Structure formats: structure tokens, C-alpha cells
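Single-structure report; data block below.
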2 protein chains.
Amino acid sequence: MCDNLHIHGLKMPESMDEETRSQLCPVVYAVSKLGGKWKLIVVHNLIDGPLRFGELRRAIPDITQRMLTLTLRELEEDGIVNRHVFEVVPPHVEYSLTEVGQGLESVMSSLGDWGRANFAQKRNAVAQTA
Amino acid sequence: MCDNLHIHGLKMPESMDEETRSQLCPVVYAVSKLGGKWKLIVVHNLIDGPLRFGELRRAIPDITQRMLTLTLRELEEDGIVNRHVFEVVPPHVEYSLTEVGQGLESVMSSLGDWGRANFAQKRNAVAQTA
DNA sequence: CTGAATCCCTTTTGATACTG
DNA sequence: CAGTATCAAAAGGGATTCAG
């Protein structure tokens with residue numbers, strides 16, 4: 001999975017800093033971009049299409065306005081999310097995935113498969129055995 | 001992706017707490033299990049097979065002993081990682097993925113694909129155009 | 001409606017020292 | 001080797017207020 005260094009071995013130079021090293025392993029780099037508490041959840045909610053700020057907020061009831069703003073800004077900086085401002089009053093701002101962000105679709109779907117297979121069975125465990 | 005509720009709509013009952021709600025969406029649930037700063041990195045390093053505590057520590061140079069211990073304990077609690085203690089001196093403890101943990105392989109590989117495609121090009125961008 | 005700014009608290013993480 | 005304990009620092013996050 002790491003095609004250019006042996007992260008499992010002893011070959012990685014320990015002198016380089018974290019950011020430099022993360023660029024050597026695609027997985028480590030990906031995790032560094034998606035690591036926040038809310039990033040994957042926001043991406044997940046944008047997979048099906050653009051949403052407005054308020055729509056995102058309602059879709060993720062536990063996120064605060066502040067955290068949603070911060071998360072969206074970081075995703076935007078990393079080229080994962082697009083921010084489209086409609087110049088009207090009242091303001092209308094739409095968020096969507098960039099091409100890079102849409103590339104996460106298979107990540108999200110395998111994550112969903114895993115969650116469904118391993119944890120979400122409680123809902124219908126009875127139904128299946130009945 | 002959420003087959004049992006409309007997370008994009010207004011249908012989600014806002015009264016339930018976060019844990020209850022997370023179980024309604026496989027993606028949200030998965031993220032809640034893998035959300036920590038180090039969890040995916042540790043899983044990533046165990047994909048190819050069991051590793052000892054010290055091997056993991058060397059494979060993840062930026063993690064502290066303490067965080068590695070905490071991360072492994074949580075992964076163990078969640079049934080993602082197995083802990084196998086060899087009763088010898090000096091101590092020998094091996095960590096491996098459970099079946100549930102191995103189910104994350106496609107997640108890790110699509111994460112790696114995404115990282116490789118979008119961020120890790122800096123290394124050989126020149127080589128490709130040359 | 002969207003979001004910036006402030007204040008303040010909680011959780012997470014790191015450094016260090018110690019142990020079977 | 002594989003941890004645990006303790007303390008301190010930092011990051012994360014919430015509540016509220018204000019603004020275009």
C-alpha cells in the first residue's frame with residue numbers, strides 16, 4: 001500500500017517531520033486531510049449533491065455553526081469542497097464536492113458497507129433471525 | 001447511503017442523542033469508531049499482518065507510547081484489533097486485525113487510491129512529464 | 001441566511017518518569 | 001518489551017453575541 005517506502009520496516013527516515021513523511025504514504029496523507037471530527041461527515045452529506053449551509057447544519061444536528069464553518073473552510077482549502085456564493089439577499093451559499101472530493105465516493109461507500117455489515121445490525125438483527 | 005433515514009432532509013428526529021443517531025447511519029457509525037487521530041493509521045499498519053507493540057511504534061514514528069496504547073485499547077474494545085500476549089520474558093505482545101478489522105481493507109485501499117491520485121503526485125510529477 | 005469574533009471549558013495529546 | 005501514572009500543554013469544541 002505504500003509503494004515507495006517500507007513503513008512496516010525500519011527504512012523510514014526518522015529525521016523528517018510529520019508533514020514531509022505523510023506525503024510519502026498515500027494513506028497517511030489522506031488521513032491527514034480527512035482527520036477532523038467532522039470532515040468525513042460533511043463529505044458524506046455532500047456526496048449526493050450540493051447543499052446550502054443551513055441544510056448541512058440541519059443534516060448534522062450535533063455540529064455547531066462554528067465547527068461547520070471551520071470544517072468547510074478547511075475542506076475548501078484542501079480542494080475537496082467548492083463554495084458558491086449567490087449574490088442575493090438574504091445570502092445563499094451552496095457547498096459541493098470538487099472533483100477531488102467526489103473521488104472520495106468509493107471511500108465513503110466502503111465505509112458505509114463496513115458500518116452496515118458490522119455495527120448497524122442491531123436494528124434488524126431480530127428481523128433477520130425471525 | 002443512509003438506507004433508513006433521510007439525513008439530507010428534515011426527517012431525522014433531533015431529540016435523540018448522538019450515539020443513538022449514529023447507529024442509524026452506517027457511515028456516521030463507522031466514522032465514530034475510526035475517528036481518533038491515530039486509529040486509521042494503526043489499522044493501516046496492521047493490514048499486512050500482525051505486528052508487535054514496538055514494531056507498531058517504529059512504524060508510526062510520531063505516535064507516543066501512550067497514544068499507541070490508548071488507541072490499541074479502543075480498537076480492541078470495538079472488536080477491530082486482537083491483542084495476543086505471549087507469556088514469556090521479556091514480554092511479547094502481538095496485535096492483529098480481527099475479521100471486523102480486516103473488513104476495513106477496502107476502506108484503506110480506496111483511501112490510499114485517493115491519496116495517491118490527488119496528493120502524492122508531487123514526488124514524481126516531474127518524472128511523468130519528462 | 002451565512003458567518004465572523006469572543007470567551008471559556010473540556011478533551012486530547014505530549015513529556016517524563018516509573019514498573020513487571 | 002510493553003506497558004502505567006502523572007502532570008502540563010494544546011487542541012477541539014460550545015455558547016453567545018454581533019454583522020453584512
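The sequence lines fix the lettering, A, B, ..., with proteins before strands; numbering per chain opens at 1. None of these values were measured; they are calculated from a predicted model.
Toward the 5' end of DNA chain D, the nearer of the two residues A/Ile63 and B/Arg52, judged by each one's closest nucleotide, is B/Arg52.
Contact check of residues 65-96 of chain A against DNA chain D (heavy atom, cut-off under 4.0 Å) returns A/Arg66, A/Met67, A/Pro91.
Dense packing is recorded around CD of B/Glu94, with more than 12 heavy atoms of other residues, nucleotides or ligands lying under 6.0 Å away.
Annotation: side chain of A/Met108 is in contact with side chain of A/Leu40 (closest heavy-atom distance under 4.5 Å). No side-chain heavy atom of A/Ile63 sits less than 4.5 Å from a side-chain heavy atom of A/Ile41. At least one side-chain heavy atom of A/Leu56 sits less than 4.5 Å from a side-chain heavy atom of A/Leu68. A/Val42 has its side chain out of reach of A/Tyr95: every pair of non-hydrogen atoms, C-beta onward, lies at least 4.5 Å apart. Residues A/Trp114 and A/Arg116 form no side-chain contact, since every pair of their non-hydrogen atoms from C-beta on lies 4.5 Å or further apart. Looking at heavy atoms from C-beta onward, B/Leu70 lies out of side-chain contact with B/Trp38 at the 4.5 angstrom threshold. Under the 4.5 Å side-chain criterion, counting only non-hydrogen atoms from C-beta, B/Val81 is in contact with B/Leu46.
At whole-Å resolution of the value, CZ in B/Phe53 and P in C/dG20 are 18 Å apart.
Side-chain nitrogen and oxygen atoms of A/Lys37 include none within less than 4.0 Å of the OP1 or OP2 phosphate oxygen of C/dT10.
Nucleotides of DNA chain D that come within less than 4.0 Å of any heavy atom of chain A span, from the 5' end to the 3' end, D/dG13 to D/dG20.
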